[in-house]
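Structure first, then comments.
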Amino acid sequence: MGKLSYLFCICLTLSSVAVWAIELRPELDSGPVAYEFHWLVNDPHTGDIKSQKETRKDDKVVGQYTLVDSDGYLRTVDYTADDHSGFNAIVRREPTDIKIPQPSPEPKKLIAAKLLTPLTPLVHYAPKAILKSAEPSEGNYVSVSGPTAQYKY
């Protein structure tokens, strides 16, 4: 009987500690969530033409974005998102008379600038007399230098 009451007391103590350690707090209610934004980019030099607008009230988001594709078509995406239906989008493509600048097919020619200082070799070797010896002596190295760094091997 003593062992049974001892186990009962231990179980009762552990259950009260477990209940005490778990504290449930109500979720913080910040009130209704609402926002609205829009932006627009129109750069005729690069052909970057796009815009977006979106509104949210509580858990429902409604928006639209448009952009001009590289083939000159206007792509419009109308979207909604809510807890019931999830994310839904309707995409439309319409032709436009907008001509997107394309890169020129002919590469630009690079012209080398005249060097003011004479060119020096980039690789320097140890003197031949040292290289002909059977065993390399201390201090033999090959150095490679470039315009910004010098490495010695």
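Nothing here was measured: the structure is a model prediction, and the numbers come from that model.
To the nearest 0.5 Å, the span separating CD on Q52 from CG on L40 amounts to 11.5 Å.
Residue Y73 places its OH atom among 12 or fewer non-hydrogen atoms of other residues, nucleotides or ligands, all under 6.0 Å distant. The local environment of CD1 in I90 is sparse, with at most 12 non-hydrogen atoms from other residues, nucleotides or ligands closer than 6.0 Å.
In the hydrophobic clustering of ILVMFWY residues, with side-chain heavy atoms under 4.5 Å counting as a link, V77 and I49 come out apart. Hydrophobic cluster membership is shared by F87 and V91, with clusters built from Ile, Leu, Val, Met, Phe, Trp and Tyr side chains linked at under 4.5 angstrom. L67 and L74 end up in different hydrophobic clusters when Ile, Leu, Val, Met, Phe, Trp and Tyr side chains are linked at under 4.5 Å. Residues F37 and V41 share a hydrophobic cluster, clusters being chains of Ile/Leu/Val/Met/Phe/Trp/Tyr side chains in contact below 4.5 Å.
Between Y35 and E54, the side chains place a donor N or O and an acceptor N or O closer than 3.5 Å (distance only, hydrogens not considered).
Evaluation of the salt bridge (Lys or Arg N to Asp or Glu O under 4.0 Å) rule for R75 yields D69 as partners, not counting sequence neighbours. Under the salt bridge (Lys or Arg N to Asp or Glu O under 4.0 Å) criterion, D58 pairs with no residue, sequence neighbours left out. Legend: residues meeting salt bridge (Lys or Arg N to Asp or Glu O under 4.0 Å) with D83, ordered by chain and number and at least two apart, are absent.
Annotation: side chain of D59 is not in contact with side chain of D82 (no heavy-atom distance under 4.5 Å). Side chains of D48 and K50 form a contact here, defined as non-hydrogen atoms less than 4.5 Å apart.
In this structure, the side chain of T96 engages the main chain of G72 through a donor-acceptor pair within 3.5 Å.
Scanning both residues, Y79 and K53, for their nearest heavy atoms gives OH-O, 4.1 Å.
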